[in-house]
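Written out below as structure tokens is the structure these notes cover.
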Amino acid sequence: MVSKIKAEINKVYFINKYTLVHILEGTGNIQVDFNNYNDWEDRAIFLDKGQYIKFMSDDFVVRFIEFPDKILFESKDVRILFKHLISLGYINFNECEDCQTFLSKTVFNDGMRNLIDVSTKQWYWQNPFQANKEEYQIIFDVKDVIDKEFTNKINVKSVMHHMHNNYDVQHLVKDKLGITINKLIHKKQLLESKKDIAFTDKSIQEIAFEQGYKDPAYFNRVFKNTVGQTPNQFRNTFDYENRDVFSQNILELIQMFHKEEHALGFYADKMNVSVKTLSKKVKQKMNNSLGQLIRYQIIQSSKTMLLENDNIKDVAYSLGFEEANHFSKFFTNYVGVSPSVYKK
């Protein structure tokens, strides 16, 4: 099924079917499973059942493409799109002509299997973890075991018990993903704990027991040491049902004033709070620093002006930089190429 919507700001969109999210228009951050992303442009995002997505400003136009379950059980390769390892699952569709062909259509009908196939090929071509296909399948076998057994207090030894190959699996995962199997387990346990805390009315004690903790007090300590808040504080801060306007207000201010005002104090004054209070609340609500949000908006505006063929010096001055070379260093640092190279 294909649907196109104008997304509501801060609304939690729960994913109930394997889904490709194609963002057609929008500015600002998106949030997937409590992580904020500002580099979603020119990408097609694949989300698994049980994930969620939020849009952090009110100008997003989004297409949701839901796939029937039977498509996804035909090949183990499909896991690479939907079962995320350490970040967001996506393909760069501007680098994939076949993907663009499918995504330009309003209705895919019988071509949905083909869309999965070309997307899988694109993902392997991107090769985000620099592994071969056999290595990827072993890594995703580990992910499958963790997803199935995480509430049973599994550890590395019990994960290895489910593996049947000649690889040094622990070394393979650490080498390719940069984190250990143990951390993958804890990452999964923490994510599911957050979902239960944020989206259900279960007691913290009940959640602790369901996550395999015999002592709720120990669960509280582990959660606070990892997240920086107690489970109750996290529940009250996320507050997904009320969807307060804080995020919208700060993003609108940044969009309105980022060209002239780069100082945190300016935005704190506009919000009638101290810099410390505003910074803390932005971090809690949006999982980003206030400075990161400002810099991101500056980068977005500069990209737009450069692609409209504006002079680099004019772009620099219009964005509040006193010297063009200061802007060039800033842009290169965050984008990875100089403004002149980006224009080309």
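Bear in mind the structure is a predicted one, so any value in this text is a computation, not a measurement.
The side-chain contact (heavy atoms from CB on, under 4.5 Å) test applied to Val222 returns Tyr213, Tyr218, Thr226, not counting sequence neighbours. Taking Phe266 as the reference, Phe257 meet the ring pair (Phe, Tyr, Trp, His ring centres under 6.0 Å) condition, with sequence neighbours excluded. When the side-chain contact (heavy atoms from CB on, under 4.5 Å) test is applied to Asn36, the partners found at least two apart in sequence or on another chain are Asn29, Gln31, Met56, Met286, Asn287, Asn288. Scanning for ring pair (Phe, Tyr, Trp, His ring centres under 6.0 Å) contacts around His162 gives an empty result, with sequence neighbours left out. Shown here are the salt bridge (Lys or Arg N to Asp or Glu O under 4.0 Å) partners of Asp48, two or more places apart in sequence or in another chain: there are none. Residues meeting the salt bridge (Lys or Arg N to Asp or Glu O under 4.0 Å) test with Arg43, sequence neighbours left out: Asp39. Residues forming a side-chain contact (heavy atoms from CB on, under 4.5 Å) with Asn272 (at least two apart in sequence, or on another chain): none. Take Lys313 and apply the side-chain contact (heavy atoms from CB on, under 4.5 Å) test, not counting sequence neighbours, and it matches Asn311, Tyr317, Ala324. Partners of Phe55 by ring pair (Phe, Tyr, Trp, His ring centres under 6.0 Å), not counting sequence neighbours, listed by chain and number: Tyr13, Phe60. For Phe331, the ring pair (Phe, Tyr, Trp, His ring centres under 6.0 Å) criterion is met by Phe327, Tyr342, not counting sequence neighbours.
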Donor-acceptor contacts, no H, no angles, side chain residues 187-198, under 3.5 Å, sequence neighbours left out:
{"unit_1": "Lys188", "atom_1": "NZ", "unit_2": "Glu192", "atom_2": "OE2", "d": "2.9"}
{"unit_1": "Gln189", "atom_1": "OE1", "unit_2": "His186", "atom_2": "ND1", "d": "3.3"}
{"unit_1": "Gln189", "atom_1": "NE2", "unit_2": "Phe150", "atom_2": "O", "d": "3.2"}
{"unit_1": "Ser193", "atom_1": "OG", "unit_2": "Gln189", "atom_2": "O", "d": "2.8"}
{"unit_1": "Lys195", "atom_1": "NZ", "unit_2": "Gly50", "atom_2": "O", "d": "2.6"}
{"unit_1": "Asp196", "atom_1": "OD2", "unit_2": "Gln211", "atom_2": "NE2", "d": "3.4"}

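Membership of an apolar cluster is not assigned to Phe209, as no side-chain contact below 4.5 Å to another ILVMFWY residue is traced.
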